[in-house]
There are 2 protein chains.
Amino acid sequence: MKLTSKGRYAVMALVDLARFDNINPVSLRDISLRQGISLDYLEQIFSKLKKNEIVKSIRGTQGGYVLNKNPNDIKLTNIFNAVDEKVKTVQCKKESKKGCNGKATKCITHNLWDELEIHINTFFENKSLKDLLNNNKETRV
Amino acid sequence: MKLTSKGRYAVMALVDLARFDNINPVSLRDISLRQGISLDYLEQIFSKLKKNEIVKSIRGTQGGYVLNKNPNDIKLTNIFNAVDEKVKTVQCKKESKKGCNGKATKCITHNLWDELEIHINTFFENKSLKDLLNNNKETRV
DNA sequence: CTAAACTTGACCATTTTAGTCAGGTATGTA
DNA sequence: TACATACCTGACTAAAATGGTCAAGTTTAG
């Protein structure tokens, strides 16, 4: 199971972006400063977000990033997939001698992890960026 | 977030144990062979399970381990806690300059991770060893 | 034409993971 | 009482993942 700071940063950055992109594109530098995330690291993350068409980039002076979709249509699943944070609890490789016990049958807890995976993914599929925005209105500057 | 093979092995081993401990204590050697888990690694894991009173040990020849509770009373939460697999999605250290943004306020996604944590823990709290046993009856040898 | 901002890819220190290894200690059975 | 079996403990470590940094660009507004 992977759920690390890369995914967390991606979400934080996108919430930040969603708040400020009404008029102008938002530069990574600004996000970096506001959220306390290394600029270089943000670049890696946004490169992936862009490939997955979650954001658009605008080059040149006064450039930056803009959401490519309505916040309501950006689910957390999309974000995590984009930055390679697959919520995978089992890696029972079909071929490998290792994993899933090295046997033909599923390991005895296989079903459990499948269930968990679904449980978590459901959570992420039902949460959009917009939900997070609403959630944070009260703490807004 | 941590959810790795140590927790997975712990659950696998306990399910195995629960199946065979009706009459005699079960040796780690047997579990190791059946589940394909290194004996030395199992010993580490069972040491923790014992400290947390999930299993009892019986020394000497023909010794081994036995469940210390009814399978119905052993929740997955207990198991994961025992082997230090805390399901923690946020580590916003209160003091540290890093974490939670280095600021006094919660980071903008703080609530989200709290929710997720609850979501996952609920899942684990509602699943007992007994559930897993039932779940595997069909594939039983 | 130049500074701001995006873009790419290589690199790396630290931490975690998933064990191994070596040496015990306890105890049932012959 | 010997001894094999099985528990018990702690140190150690190779490999992978994490969380970045660094360097060298390209693009475009002004």
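In what follows, every chain begins at residue 1, and chains take the letters A, B, ... in the order their sequences are listed. What you see is a predicted model; the values in this text were computed from it and never measured.
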What is the distance, rounded to the nearest whole Å, between atom [atom1] of [X] and atom [atom2] of [N]?
{"X": "Ile45(B)", "N": "dC7(D)", "atom1": "CD1", "atom2": "C1'", "result": "15 Å"}
{"X": "Asp40(A)", "N": "dT8(C)", "atom1": "CG", "atom2": "C1'", "result": "12 Å"}
{"X": "Phe46(B)", "N": "dC7(D)", "atom1": "CZ", "atom2": "C1'", "result": "12 Å"}
{"X": "Lys48(A)", "N": "dG9(C)", "atom1": "NZ", "atom2": "P", "result": "12 Å"}
{"X": "Asn24(A)", "N": "dA4(C)", "atom1": "CG", "atom2": "P", "result": "17 Å"}
{"X": "Asp30(B)", "N": "dT5(D)", "atom1": "CG", "atom2": "C1'", "result": "12 Å"}
{"X": "Lys6(A)", "N": "dA16(D)", "atom1": "NZ", "atom2": "C1'", "result": "14 Å"}
{"X": "Tyr65(B)", "N": "dT5(D)", "atom1": "OH", "atom2": "P", "result": "18 Å"}

Query raised in the report: With no hydrogens and no angle check, is any side-chain donor or acceptor of Asp73(A) less than 3.5 Å from a backbone partner on Lys69(A)?
Result: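 No, because the side chain of Asp73(A) does not come within donor-acceptor range (under 3.5 Å) of the backbone of Lys69(A).
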Query raised in the report: Under the 3.5 angstrom rule, does the side chain of Ser5(A) hit a backbone N or O of Arg8(A) as a donor-acceptor pair?
Result: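 No.
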Query raised in the report: So which one's nearest nucleotide on DNA chain D is more toward 5', Gly64(B) or Leu39(A)?
Result: Gly64(B)
Query raised in the report: Between dC7(D), dG20(D), dG19(D), which one does the side chain of Thr4(A) approach most closely?
Result: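 Output: dG19(D).
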Query raised in the report: Side chain of Gln44(A): nearest nucleotide among dC6(C), dA10(C), dG19(C)?
Result: dA10(C)
**Report entry** Any donor-acceptor N/O pair under 3.5 Å between dC8(D) base and Glu43(B) side chain
**Finding:**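 Yes.
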Is the phosphate of [N], meaning OP1 or OP2, less than 4.0 Å from a side-chain N or O of [X]?
{"X": "Lys50(A)", "N": "dC6(C)", "result": "no"}
{"X": "Tyr9(B)", "N": "dG19(C)", "result": "yes"}
{"X": "Ser27(A)", "N": "dC6(C)", "result": "no"}

Hey, what are the protein-to-nucleotides 27-30 of chain C N/O distances that come in under 3.5 Å?
from    : atom 1 : to       : atom 2 : distance (Å)
dG28(C) : N3     : Thr61(B) : OG1    : 3.3

Query raised in the report: Which value, rounded to the nearest 0.5 Å, describes the distance between Ile120(B) atom CD1 and Leu116(B) atom CG?
Result: 4.0 Å
Requested in this report: Tell me yes or no: between the side chains of Ser128(A) and Lys75(A), is some donor less than 3.5 Å from an acceptor?
Outcome: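 Checked: Ser128(A)/Lys75(A) side chains show no N/O donor-acceptor pair below 3.5 Å.
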Query raised in the report: Can a donor-acceptor pair be found between the side chains of Gln35(B) and Asp16(B) at a distance below 3.5 Å?
Result: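 Yes, because at least one side-chain N or O of Gln35(B) sits under 3.5 Å from a partner of the opposite role on Asp16(B).
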Query raised in the report: What is the ring orientation for Trp113(A) with Phe80(B), classed by angle as parallel under 30°, tilted 30 to 60°, or perpendicular over 60°?
Result: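 Tilted.
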Query raised in the report: Quick one: do Glu115(A) and Lys127(B) make a salt bridge, cutoff under 4.0 Å?
Result: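 Salt bridge: yes.
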